[in-house]
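Contents: one structure, followed by commentary.
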Amino acid sequence: MATKHTLTFVLMDAPFESARTTIAFRLLHAALDRGYDVNVFAYEGAVALSFAKQAQHPNAVHGRDVAQEDHPLSKNWIAALMAHARTRGADLKWVNCGLCVDERGVGEAIEGARRGSPADCWKMAQQSTATLVIPTK
Amino acid sequence: MKVLQIVETAYRATTEEQDDTVIWISHAMRGASAELGVLLTGNAVNYVAGEQDGSGLMLGAWRQTQPPAPAQDLAALMRKDVPVYCVREDLAERGLMECKLLEGIVLMSRNQLPRLFGEYDQVWRW
């Protein structure tokens with residue numbers, strides 16, 4: 001029987017700032033697709049990825065209303081990945097650095113994203129096959 | 001498990017955070033019994049310049065009372081038995097070899113890094 005792998009990702013970029021965010025989410029998807037359990041520790045600006053009050057907007061430059069523009073929201077990506085994990089028999093744990101959340105006033109996270117601390121990050125890394133840090137540059 | 005934290009990007013929001021966020025999380029994880037080392041490369045080698053002073057920021061009537069002090073934060077980390085390494089060539093390129101460097105820092109050449117990496121179970125490049 002194959003070993004069940006767990007991967008931990010440490011994300012740092014705020015949403016809507018860097019291509020690293022999209023790449024990170026694609027990596028999460030790929031890991032879940034393979035049935036790996038995945039932990040995410042969101043640090044600094046990345047705690048806003050799961051902020052529940054993110055909202056779509058129209059885009060006059062594109063000539064589209066809100067519905068047509070269908071602007072991506074990272075909170076929806078997280079929710080989609082959590083749902084995807086369930087279909088793959090995998091587990092996606094999402095932990096936000098609590099102090100980073102407080103600094104930014106983004107305490108209202110979507111369901112499934114919880115508040116934690118660097119101790120959680122360390123514990124998740126210890127329990128994982130590997131850990132990848134994707135930092136802000 | 002032992003983890004080597006590589007810090008390359010320097011002064012990343014240090015004024016807003018009043019610390020370097022990777023040094024900070026290293027302190028926090030050390031508090032959770034993490035076994036860590038810290039390697040400073042690139043511009044982050046400036047953190048070992050012991051006489052730097054980040055104080056004095058004023059914006060209107062607001063003035064910063066707790067400015068960042070990365071050298072002191074690194075010194076505190078070393079007191080918690082976290083070794084701090086610094087790439088010698090990166091210091092030399094920036095003219096910092098003549099500065100008063102933070103006591104206890106381990107200077108390493110780039111060609112020594114593979115051996116250093118081998119001493120750790122994981123390498124986290126921030």
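So that the names make sense, note that chain A is the first sequence line, chain B the second, and so on, each numbered from 1. Remember, it's a predicted structure, so these values are computed and weren't measured experimentally.
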- Interatomic distance, A:Leu132 atom CG to B:Arg125 atom CZ [nearest 0.5 angstrom]: 11.5 Å
- NZ/A:Lys75: more than 12 non-hydrogen atoms of other groups inside 6.0 Å: yes
- Toward chain B, the part of A:Leu99 with a non-hydrogen atom under 4.5 Å: side chain
- Item | B:Lys100 NZ: over 12 foreign heavy atoms closer than 6.0 Å | no
- Item | Note, B:Met29 side chain near A:Cys121 side chain (heavy atom, < 4.5 Å) | yes
- Query: When rounded to the nearest 0.5 angstrom, what distance separates NZ in A:Lys123 from OG in B:Ser33?
  - Reply: 12.5 Å
- Residues A:Arg104 and B:Glu17 bridged, charged N to O under 4.0 Å: yes
- Query: Would a hydrophobic clustering, with Ile, Leu, Val, Met, Phe, Trp and Tyr connected at side-chain separations under 4.5 Å, put B:Val123 with B:Leu36?
  - Reply: no
- Above 12 or not: heavy atoms from other molecules or residues under 6.0 Å from CZ of A:Arg34? no
- Query: Any donor-acceptor pair under 3.5 Å linking the side chain of A:Lys137 with the backbone of B:Trp126?
  - Reply: yes
- Could you go through the side-chain contact (heavy atoms from CB on, under 4.5 Å) check for B:Gln5 and A:Val133 one step at a time? CA-CA 10 Å; B:Gln5 310 261 60; A:Val133 174; 5.7 Å; no
- Task: For atom CZ of A:Arg26, decide whether the heavy atoms of other residues, nucleotides or ligands shown that lie under 6.0 angstrom number more than 12.
- Result: no
- Note, B:Val3 side chain near A:Trp122 side chain (heavy atom, < 4.5 Å): yes
- Message: With clusters defined by side-chain heavy atoms of hydrophobic residues (ILVMFWY) lying less than 4.5 Å apart, directly or transitively, does A:Phe41 cluster with B:Met1?
- Response: yes
- Side chain to side chain, B:Arg12 and A:Thr136, heavy atoms closer than 4.5 Å: yes
- Query: What part of A:Glu44 lies closer than 4.5 angstrom to a heavy atom of chain B: side chain, backbone, both or neither?
  - Reply: side chain
- Structural part of B:Glu16 lying under 4.5 Å from a heavy atom of chain A: neither
- Has B:Glu119 got more than 12 heavy atoms of other residues, nucleotides or ligands less than 6.0 Å from its CD? yes
- Query: By a 4.5 Å heavy-atom criterion (distance strictly below it), what part of A:Ala125 contacts chain B: side chain, backbone, both, or neither?
  - Reply: both
- For the student: nearest non-hydrogen atoms of B:Trp24 and A:Pro118, plus distance: CZ3-CG, 3.6 Å
- Query: Is the number of heavy atoms from other residues, nucleotides or ligands within 6.0 Å of CZ (B:Arg110) greater than 12?
  - Reply: yes
- Task: Measure the spacing between CD1 of B:Ile25 and OG of A:Ser117 and express it to the nearest 0.5 Å.
- Result: 9.0 Å
- Side-chain heavy atoms under 4.5 angstrom apart, residues restricted to Ile, Leu, Val, Met, Phe, Trp, Tyr: same cluster for A:Leu28 and A:Met82? yes
